[in-house]
Amino acid sequence: MSNTSDQLHLQLIDNVTSCLRHTDLPALQASMREKGFAVIRGLFRDKLLRQLQDECAKLIDRHGVERNLHMKETAYTPRRMVNVKRDRINEHGLLIPRIYDDPMVRRLFEIITGERFTTCPYTPEEYIINCLYRADDTHGWHWDDYKYGVVFAVETPPAESGGYVQVVPNTSWNKDKPSVEAALFSGPAYAFRLEPGDAYILRTDTGMHRVSPIQEGTSRVVVNMVWAAMDELDKPTSHETMETLFA
Ligand SMILES: [Fe+2]
């Protein structure tokens, strides 16, 4: 490992261990079991968080691509955002690929879910930056292709300015006839907001989720990562929404 890579690894160890000191792990495991998500408060902080914010700002500025579409595969829900694709991040970023490969970060989410994770077999899903920055930008209701999604909050709108997460756990994605209403009415639904440095893990194949539209003058930046659970490696997985998003 280079010096920089060594330093990042040490900073990640420091951030994760210090987060564990103030985190109630059994409560996160129970939240995962019962509600299909768990929010880890203050995972990244200080220098590491500033570095992540700086890396995301540069990548969005130089490699961000505007998306404004309605996704047929998820009942025509809207995607209004800027994305930076995995390959651009891998090529021009430093910290995000390091976080993805860091065994301690991955282990934290394995402990919360009781799963063993490995690199996502579909490379474009490994990580992506999502940025909402105009009034009404939103990541509409959807499910994802893999069992779990992990999101690191980089910038978040103030309370009551939108950009919070809504989830309806224990639902299913009928790809032939997707229905947001069928899932919403099956309830219960949950909502939570994030501060920069927070992270969450969500059961994204059975939890229908969205990011609510943001208000003018605010922005929301996250890094979304996908590791595959071991039992997903032998299972055929399709990638319609990612392919539509990047078409
Ligand atoms: Fe998602």
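Index from 1, following the sequence. Counting starts at 1 for both ligands and their atoms, in listed order.
Not a single N, O or S atom of H139, from either the backbone or the side chain, sits less than 2.8 Å from the Fe ion (ligand 1).
Looking at D144 and the Fe ion (ligand 1) together, the shortest N, O or S contact belongs to OD2.
A salt bridge links R203 and D205; the closest N-O separation between the charged side-chain nitrogens and carboxylate oxygens is under 4.0 Å. A salt bridge does not link E66 to R80: none of the charged side-chain nitrogens sits closer than 4.0 Å to a carboxylate oxygen.
The aromatic rings of F44 and F152 lie parallel to each other, with less than 30° between the two planes, well short of the 60° mark.
Rounding to 10°, one obtains 90° for the angle at the Fe ion (ligand 1) between NE2 (H209) and NE2 (H142).
In the model, T171 has a side-chain atom that pairs as donor or acceptor with a side-chain atom of W143 under 3.5 Å.
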